Number of protein chains: 2
Amino acid sequence: MPDAPEPTEQDPDDADEDALRAADGRVPGRRGRATRQRLLDQTAEMLGSSTFRDLKVVDIARAAGTSPATFYQYFPEVESAILVLAEEMAAEIPALCDLIYAGPWKGKGAYATSEALVQGLMDFWERNRAVLRVVDLATEEGDHRFRKIRARLLTPLTQALADSIRAQSGAAKPGDVDPMATAGVLVAMLANVAAHRYGFEFWGIRTDDTLRAMTRIVYSAMTGQKPPAA
Amino acid sequence: MPDAPEPTEQDPDDADEDALRAADGRVPGRRGRATRQRLLDQTAEMLGSSTFRDLKVVDIARAAGTSPATFYQYFPEVESAILVLAEEMAAEIPALCDLIYAGPWKGKGAYATSEALVQGLMDFWERNRAVLRVVDLATEEGDHRFRKIRARLLTPLTQALADSIRAQSGAAKPGDVDPMATAGVLVAMLANVAAHRYGFEFWGIRTDDTLRAMTRIVYSAMTGQKPPAA
DNA sequence: CCTAGCCCTGACGGTTCGTCAGCAGCAGGC
DNA sequence: GCCTGCTGCTGACGAACCGTCAGGGCTAGG
């Protein structure tokens, strides 16, 4: 799911260096960066065992063997730390896009491609469950920075799918649907199912079946063909 | 370890009445119920113009012409008030289910049914955007009460779709996908697109195209047929 | 041993939250 | 009118958390 536009604001007077800065404007040295990293690690750690809203700066800081004030020296607030984690996560997206661009979308191979895509996306979501939950949460709450990250995750995937649709159907026939619309809807489906996978199991649906259902839908939407019988 | 002694849910001595109670256990009279309703209305009102997390009890109370302490007399916390609103919203679900059960899922009419379902669900989401946002939010944060409400919204729809799939394909062929899985995936898609409809427009996708893309996917998944060309 | 500068923190003001004791208004009995 | 009892309301308070800041400790270099 896409996101709203964004008045890009950067501090005008920090065009000098892209080095990371502490709260007081100093460039952290070796020791400082180590502390920062420890704080990041602890943030990720605690995100897995606690709710976003229950995540207190004091807990992170103490777990990292330091004090709240130190945390604020490296991050203006908890969200900023999580943003860094999200940024790292976003680096995994190109691999998924490659999957989309590479795999065949014509003929029999398309089903395997769909399968790989579905599996890849579910794995990605599972791997980054904690951070993604916060991204969803903060986006829903209207946080622009997280909305931006969310777009950075979903837009490339949607673009890749749309490109594949376009490449696949020789010439657009009249009455065809906008490929971006189809792609966007597919990504929305994949993302939401991945996020609520647990809920499906509660309904007694086997994960296997969920994956198969999605694979068939992706296949149909991408190729316009009926999915293979078995 | 005789673990959780199960927090006694209900005060033992209030099995007498299911009438609503104020915080002190008294049954509110005419005037009290009016105040309660005013608080509910204001909660709904402010939910539309503010973020869930920015929703302060004091604001609601003052806007309703009363004090925070009064709010707490009728609701243990803000969430509880919103839960009541969500409960009311859930009453609209059966109508959507009827749509699913009624409309034909065989032959040419199936496309119209898909269209009506997509449109109906998008309308529902639009109408209840504010409350649904909170439901998603709180669910993601792990609030059990909201998760329950969410299930109360999605389960009937999923069940209805699954029933329609089953009724539609005479006998289950081997290799078929669990109808509940397909239905669940479809509902997840619809819900997520509805929730982020605004984002699609940002990508330059026309709402019309989004609806059409979803309609075609629903049609395919429900009937197993290729959607009509034009 | 001393200085300089990075790094850290105790302690504090500001804010929000939820509670509680107690006041206000309004019957009804006498 | 006056007392009584009940419903409805609230000012004020303690507790919790947030983010800041002045100042102290640690390390490197002389």
Side-chain angles (χ1 to χ4, degrees), chain A residues 17 19-43 46-47 50-84 134 138 141 143 145, chain B residues 7 11 14 16-17 19-43 46-47 50-84 134 138 141 143 145:
Chain A
E17 297 283 355
L20 54 88
R21 298 296 180 93
D24 53 8
R26 293 184 301 191
V27 178
R30 201 163 284 277
R31 193 166 160 225
R33 273 172 302 175
T35 304
R36 195 187 104 108
Q37 189 56 47
R38 233 179 323 131
L39 286 168
L40 275 179
D41 293 345
Q42 273 306 321
T43 303
M46 307 203 69
L47 219 48
S50 160
T51 316
F52 173 45
R53 284 294 157 192
D54 294 336
L55 198 64
K56 307 297 178 197
V57 169
V58 58
D59 295 331
I60 300 175
R62 291 304 175 201
T66 178
S67 79
T70 300
F71 185 96
Y72 287 109
Q73 185 151 22
Y74 295 105
F75 309 101
E77 72 271 292
V78 208
E79 281 88 348
S80 298
I82 303 178
L83 270 173
V84 174
V134 178
E141 276 191 45
D143 190 309
R145 302 161 303 173
Chain B
D11 211 15
D14 95 344
D16 49 354
E17 298 284 357
L20 52 90
R21 297 297 179 93
D24 53 9
R26 293 184 298 193
V27 178
R30 200 162 285 275
R31 193 167 159 222
R33 273 171 302 177
T35 303
R36 195 187 104 109
Q37 189 56 49
R38 232 179 324 132
L39 287 169
L40 275 178
D41 293 345
Q42 274 306 321
T43 303
M46 307 203 70
L47 219 49
S50 160
T51 317
F52 173 45
R53 283 295 157 194
D54 293 336
L55 198 64
K56 307 297 179 198
V57 169
V58 59
D59 295 331
I60 300 174
R62 290 305 175 202
T66 179
S67 79
T70 299
F71 185 95
Y72 287 108
Q73 183 152 22
Y74 296 105
F75 309 100
E77 72 271 292
V78 207
E79 281 88 347
S80 298
I82 302 178
L83 271 173
V84 174
V134 178
E141 277 191 45
D143 190 309
R145 303 162 303 174

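Just so it is clear: chains get the letters A, B, ... in the order the sequence lines come, proteins before strands, and each one is counted from 1. What you see is a predicted model, and the numbers here were worked out from it, not measured in a lab.
Contacts of B:R53 classified as side chain to side chain contact (heavy atoms under 4.5 Å, CB included), with partners at least two apart in sequence or in another chain: A:R53, A:E141, B:E141. Applying the side chain to side chain contact (heavy atoms under 4.5 Å, CB included) test to A:D41 and every residue at least two apart in sequence or in another chain returns A:Q37. A:S67 meets the side chain to side chain contact (heavy atoms under 4.5 Å, CB included) test with A:R62, A:A69, A:T70; sequence neighbours excluded. Listed by chain and number, the residues in a salt bridge (charged side-chain N to carboxylate O under 4.0 Å, His left out) with B:E77 are B:R145 (sequence neighbours excluded).
A close approach under 4.0 Å does occur between a side-chain nitrogen or oxygen of A:Y74 and OP1 or OP2 of C:dC8.
Distance CG/A:L83 to OG1/A:T43: 11.5 Å, rounded to 0.5 Å. Here A:Y74 contributes atom OH and A:L40 contributes atom CG; the two are 11.5 Å apart, rounded to the nearest 0.5 Å.
Distance CZ (B:F75) to C1' (C:dC17): 18 Å, rounded to an integer number of Å. Straight-line distance from the CZ atom of B:R36 to the P atom of D:dC9: 13 Å, rounded to whole Å.
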Protein proximity profile, nucleotides 10-20 of chain D - base contact B, sugar-phosphate-only contact S, no contact -, cut-off 4.0 Å on heavy atoms
BB------SBB
Any chance you could list the contact pattern along nucleotides 24-30 of chain D? Use B for base contacts, S for sugar-phosphate-only contacts and - for none, protein heavy atoms under 4.0 Å, 5' to 3'.
-------
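Nearest heavy-atom pair, B:L39 versus B:A61, reported as atom, atom and distance to 0.1 Å: CD2-CA, 4.1 Å. Between A:M46 and A:A63, the shortest heavy-atom contact is SD-CB, 4.2 Å.
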